[in-house]
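Since the structure comes first, as structure tokens, the remarks are kept for the end.
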Amino acid sequence: MDRPYDEQNIADRLAKKETQRQAFSQVVHQYSKPLYWKIRRIVLTHEDANDVLQNAFLKAWNNLDDFQNKSKISTWIYRIAVNEALDFLRKKSNNRTVSADDDPSVANMLMADDYFDGDETQAQLQEAIAQLPEVQRVVFNLRYYEEMKYAEMSELLNTSEGALKASYHLAVKKITAYFQDRD
């Protein structure tokens, strides 16, 4: 009974109480994997990404009545997921009580993660990205990994394209400097 994913059909079915559950199940099926990786690049660990993904889908389900079909479902669900990931990071940084000396590096943490399938260079890149300010980190991830256009990002993050381009440019400069300092 797996129907092909049709954005307009799903949106219409989400609006009706009798077809809402099945339609939302298709949304979850369609977007779980891409959302997981989008979130994972922000929060870094598998466990945190899974938690944030579940929270994002829960939030979407609980706020289904607020979806007004003015944007695509994908844009709406991605916005929720990115915001959940950013909220998670804010809460995590507010609750951090360990000193910087006790905090393992992102690269070491990733190399020890069974779900991380990258090499040392990729771990170092994630270390550099993790040191970026929040907005630059998100913009860099969306542009570099997702190859998202600035117009799409602008809609997703509710920010001007010019500001996004500036954030990406600054992020690239900081990442480049990070690697130059390591040489």
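Predicted model only: the values in this text are computed from it and were never measured.
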Can you confirm whether [X] sits close enough to [Y] that some side-chain heavy atom of one is under 4.5 Å from a side-chain heavy atom of the other?
X      : Y      : result
Asp6   : Gln8   : yes
Ile129 : Tyr145 : yes
Ser154 : Thr159 : no

For the [atom1] atom of [X] and the [atom2] atom of [Y], what is their distance to the nearest 0.5 Å?
X      : Y      : atom1 : atom2 : answer
Asn141 : Gln126 : CG    : CD    : 6.5 Å
Gln22  : Leu14  : CD    : CG    : 10.5 Å
Thr176 : Asp181 : OG1   : CG    : 10.5 Å

I'd like to know whether OH of Tyr150 has more than 12 heavy-atom contacts from other residues, nucleotides or ligands below 6.0 angstrom.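 Atom OH in Tyr150 is crowded, with more than 12 foreign heavy atoms closer than 6.0 Å.
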Going through the distances and angles, do Arg13 and Glu18 end up as a salt bridge (Lys or Arg N to Asp or Glu O under 4.0 Å)? CA-CA 8 Å; Arg13 291 178 38 233; Glu18 60 274 7; over 6 Å; no
Are [X] and [Y] within salt-bridge range, i.e. N to O under 4.0 Å?
X      : Y     : answer
Glu146 : Lys38 : yes
Lys59  : Asp66 : no
Glu155 : Arg79 : no

Please state whether the rings of Trp76 and Phe67 are parallel, tilted or perpendicular, taking 30° and 60° as the class boundaries.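 Ring orientation of Trp76 relative to Phe67: tilted.
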Keeping the roles fixed (side chain from [X], backbone from [Y]), state whether a donor-acceptor pair exists under 3.5 Å.
X     : Y     : result
Ser25 : Arg21 : no
Thr75 : Ser71 : no
Gln20 : Ala15 : no
Glu84 : Val52 : no

State, without any angle test, whether [X] and [Y] hold a side-chain donor-acceptor pair at a distance under 3.5 Å.
X      : Y      : result
Gln136 : Tyr168 : no
Gln131 : Lys174 : no
Asn50  : Gln54  : no

Pick one: which of Ile39, Ile77, Leu35, Leu157 meets side chain to side chain contact (heavy atoms under 4.5 Å, CB included) with Val82?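 Testing Val82 for a side chain to side chain contact (heavy atoms under 4.5 Å, CB included) against Ile39, Ile77, Leu35, Leu157 leaves exactly one candidate, Leu157.
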For the residue pair Arg137 and Leu132, what are the closest heavy atoms and their distance?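 Closest pair (atom of Arg137, atom of Leu132, distance): NH1-O, 3.0 Å.
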Within one Ile-Leu-Val-Met-Phe-Trp-Tyr cluster: Phe88 and Leu58, side-chain cutoff 4.5 Å: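 No; tracing contacts between hydrophobic side chains, which count when under 4.5 Å, never links both residues.
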